[in-house]
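All values below come from the heavy atoms of this structure, side chains included, with hydrogens, waters and symmetry mates left out. Throughout, protein chains are lettered first and strands after them, A, B, ... in sequence-line order, and every chain is numbered starting at 1.
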2 protein chains.
Amino acid sequence: MGHSGAFCYPYARPAVTVDCVVFGLSEDRLQVLLVQRDEEPFLQHWGLPGGFVRIEEDLEESVRRELESKTRCKNIYFEQLYTFGALDRDPRGRTISIAYFALVNSASYPIDDVGGELSQSSGHKQVRWHGVDTLPQLAFDHGKLIACALERLRSKIMYRPIGFELLPSRFTLSRLQKLYEILLGRELDKRNFRKKILSMGVLDGLEAWEQNGAQRPAQLYRFNQSKYQQKLKQGDFFEV
Amino acid sequence: MGHSGAFCYPYARPAVTVDCVVFGLSEDRLQVLLVQRDEEPFLQHWGLPGGFVRIEEDLEESVRRELESKTRCKNIYFEQLYTFGALDRDPRGRTISIAYFALVNSASYPIDDVGGELSQSSGHKQVRWHGVDTLPQLAFDHGKLIACALERLRSKIMYRPIGFELLPSRFTLSRLQKLYEILLGRELDKRNFRKKILSMGVLDGLEAWEQNGAQRPAQLYRFNQSKYQQKLKQGDFFEV
DNA sequence: GCATATAGTGTATTTAGTACACTATAGGTT
DNA sequence: AACCTATAGTGTACTAAATACACTATATGC
């Protein structure tokens, strides 16, 4: 490689980035947060929020910084997904990307069904939600990363209660069931779902009801993090 | 950072390595392949086989190169585990390691119970098997990587038939059961295990028997890769 | 007060998991 | 040759979990 810049090494080093597949939930579909690129390569194309890992920050700090700048929101749930290192994944040169996926409680954000504007973050890049079934052409190998994240998410909700992260802190069981149906792409039996979910023992029923038009109000529930942590320590697992 | 070397960048870049947790099976325990370091830091300490990712090879090529040089064996099963990027994990400077785990059919290698010598690979480094319960002090954060790989392996054999990779191509059901018992750390019922394993439909019973001393000979079986691939495509999954 | 839309509930059936004990067959021993 | 020993190999009854399935309850709007 060249001789530009002040940081020199005896061997060529790949660039290292983190990219994050941020999932959100609209009324009836799963969405991914995408950023419109304002420079080459892939100018104008949509891509995942992400960026270079700074030398003085660890991977999680990198992801947190990126998430906060794009969503203006803290304490987002995220976990590492996979590391992508194909030789040709970035035309600018060898780049290794450590991919993460994140789940945001989309009620905290302005979202519309087509993919509303979310924020005018640094550099005036557009940031929007896109339905996972109606993605535009994507920059780099970001389509692959999203497919990988979807697969992980779909299989993980079957044995860990992470789906709650996509909902507001108080939610109805019908809403939770709808979320599972959207993720799994099939309908679930109402009685069996409720039986299963409640038997996990990580939901607290609240003395509060959600009024939602001309019908019977639905009871609100809350995910109890500490009950969950306790079950995890006891080696109890979860299945849906 | 400094100005030494011919590869210069406008921003500092972390070094990128791959490290590989290679599992093997001795008579009655699970082993990990370790390499004794012949330079600082952690001189003389044991560590995982691994090294810097070359700029012109992708991650899998890197791992394959490392595996072949340390085991002198091709076509080893491996998969990506996790990427470790803590700031202080390498005293020489910021280093990100993409960890893999590999399963080798240990019958192909000279192995003894204490951890026999395996090969005198490049640089005369010692390479040895170490029982996972009797590991020496390890270099870097390699203890963490091994713990992570163990956890992954233990949970993965419950839903994917990867355990066969640790056995010779022809094996008895008793040996397979022993393998599961070693990995899971508990005894399994012989009849239930056989029922379960055979009902997966990925084993072919051979017209061959293993004579093993003064007792009834045991039938040999072979893992049928193509049956497995077919089941995977049909969405069938596996559990033990 | 009636229509409508969603919330909420229990039981019977099917399937999968678990617990459990004896016979078969080889080599070695007397 | 008879028997001892060590491992291979087999079936069934019981228990727990998953599934299939239909009606009543309660709010609003007309």
Side-chain angles (χ1 to χ4, degrees), chain A residues 27-28 155 157-161 167-168 170-182 184-222 231 234-240, chain B residues 27-28 155 157-161 167-168 170-182 184-222 231 234-240:
Chain A
E27 189 54 38
D28 55 1
S155 70
I157 57 157
M158 297 304 281
Y159 63 95
R160 288 294 151 87
L167 298 176
R170 289 147 43 108
F171 51 84
T172 68
L173 292 185
S174 293
R175 185 69 180 138
L176 184 61
Q177 183 178 339
K178 186 76 183 287
L179 161 59
Y180 273 85
E181 289 175 339
I182 291 171
L184 299 175
R186 62 189 159 96
E187 299 205 332
L188 300 173
D189 180 85
K190 201 206 298 197
R191 280 166 295 192
N192 293 340
F193 178 78
R194 292 160 106 94
K195 201 193 304 175
K196 196 74 208 260
I197 285 286
L198 292 176
S199 76
M200 287 180 175
V202 296
L203 292 189
D204 292 340
L206 306 177
E207 291 298 312
W209 281 263
E210 182 177 83
Q211 188 54 56
N212 191 22
Q215 68 249 192
R216 179 170 173 179
Q219 190 177 3
L220 290 166
Y221 288 80
R222 182 168 20 214
K231 298 232 165 207
Q234 288 165 14
D236 293 8
F237 290 103
F238 300 86
E239 271 185 59
V240 179
Chain B
E27 189 54 40
D28 56 0
S155 69
I157 56 156
M158 297 304 281
Y159 63 96
R160 288 294 151 89
L167 298 177
R170 289 148 42 108
F171 51 85
T172 67
L173 292 185
S174 293
R175 184 70 180 136
L176 184 60
Q177 181 178 342
K178 186 78 181 285
L179 162 59
Y180 273 85
E181 289 175 337
I182 290 170
L184 299 175
R186 62 191 159 91
E187 299 206 330
L188 300 173
D189 180 85
K190 200 205 301 195
R191 280 166 295 188
N192 294 340
F193 179 79
R194 291 160 107 95
K195 200 193 304 174
K196 196 72 208 260
I197 284 286
L198 292 175
S199 75
M200 288 179 176
V202 296
L203 291 189
D204 292 340
L206 307 177
E207 292 298 312
W209 281 262
E210 182 178 84
Q211 188 54 58
N212 192 22
Q215 66 252 190
R216 180 172 173 178
Q219 191 177 3
L220 290 166
Y221 288 80
R222 179 164 26 207
K231 299 231 164 210
Q234 288 165 14
D236 294 7
F237 290 105
F238 301 87
E239 271 184 62
V240 180

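The side-chain contact (heavy atoms from CB on, under 4.5 Å) test applied to B:I157 returns B:L153, B:I162, B:Y180, B:L183, B:L184, not counting sequence neighbours. Legend: residues meeting side-chain contact (heavy atoms from CB on, under 4.5 Å) with A:D189, ordered by chain and number and at least two apart, are A:R191, A:N192. Listed by chain and residue number, nothing satisfies the side chain to side chain donor-acceptor pair (under 3.5 Å) test with A:Q211 (two or more places apart in sequence, or in another chain). Remark: B:Q219 engages B:Y221 in a side chain to side chain donor-acceptor pair (under 3.5 Å) (not counting sequence neighbours). Every residue two or more places apart in sequence or in another chain that forms a side-chain contact (heavy atoms from CB on, under 4.5 Å) with B:Q234 is listed here: B:Q230, B:D236. Applying the side chain to side chain donor-acceptor pair (under 3.5 Å) criterion to B:D204, with sequence neighbours excluded, gives B:N224, B:K227. Listed by chain and residue number, B:S174, B:R175, B:E210, B:A218, B:L220 satisfy the side-chain contact (heavy atoms from CB on, under 4.5 Å) test with B:T172 (two or more places apart in sequence, or in another chain).
No donor-acceptor contact under 3.5 Å links the side chain of A:N212 to the base of C:dA5.
Here the closest non-hydrogen pair linking A:L167 and A:F171 is CD1-CG, 3.8 Å. B:I182 approaches B:D28 most closely through the heavy-atom pair CD1-C, 3.5 Å. The two residues A:L206 and A:R170 come nearest to each other via the heavy atoms CD1-CG, 3.5 Å.
Closest to the side chain of B:N192, from the set D:dG9, C:dT18, C:dG10, is C:dT18.
Taken to the nearest 0.5 Å, the CZ atom of A:R194 stands 12.5 Å off from the CG atom of A:L188.
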For B:K190 and B:L173, what are the C-alpha separation, side-chain angles and deciding distance, and is it a side-chain contact (heavy atoms from CB on, under 4.5 Å)?
-> CA-CA 9 Å; B:K190 200 205 301 195; B:L173 292 185; over 6 Å; no

Could you go step by step and tell me if B:F238 and B:K231 meet the side-chain contact (heavy atoms from CB on, under 4.5 Å) rule?
-> CA-CA 9 Å; B:F238 301 87; B:K231 299 231 164 210; 3.9 Å; yes

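At a non-hydrogen distance threshold of 4.0 Å, A:K195, A:K196 from residues 194-202 of chain A come into contact with DNA chain D. Residues from residues 174-182 of chain B lying near DNA chain C, meaning a heavy-atom separation below 4.0 Å, are absent.
Atom CG of A:D189 is separated from atom P of C:dT9 by 14 Å (rounded to the nearest Å). One can place CD of B:E239 at 7 Å from P of C:dG17, the figure rounded to the nearest angstrom. In this structure, A:W209 atom CH2 and C:dA7 atom C1' are separated by 12 Å, rounded to whole Å. What separates CD of B:E187 from C1' of C:dA19 is a distance of 14 Å, to the nearest Å. If you take CG of A:L188 and C1' of D:dA18, they are 13 Å apart, rounded to a whole angstrom. Atom C1' of nucleotide C:dT6 and atom CD of A:Q219 are separated by 15 Å, given to the nearest angstrom. Summarising the geometry, the separation between CG on A:L220 and P on C:dA7 is reported as 11 Å, rounded to the nearest angstrom. Per the geometry, CZ belonging to B:F171 stands 14 Å off P belonging to D:dA8, to the nearest Å.
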Where each pair must be Watson-Crick or G-U wobble with both distances under 3.5 Å, what dot-bracket representation of DNA chain D is obtained, with crossing pairs in [ ] and other-strand partners as |?
-> ||||||||||||||||||||||||||||||

For residues 195-202 of chain B, which side-chain N or O atoms pair as donor and acceptor with protein atoms under 3.5 Å away, sequence neighbours left out?
residue	atom	partner	partner atom	Å
B:K196	NZ	B:E239	O	3.2
B:S199	OG	B:K195	O	3.4
B:S199	OG	B:K196	O	2.8

Assign a letter to each nucleotide of nucleotides 21-30 of chain C from its 5' end: B, base within under 4.0 Å of a protein heavy atom; S, sugar-phosphate only; -, no contact.
-> B--BBBB---

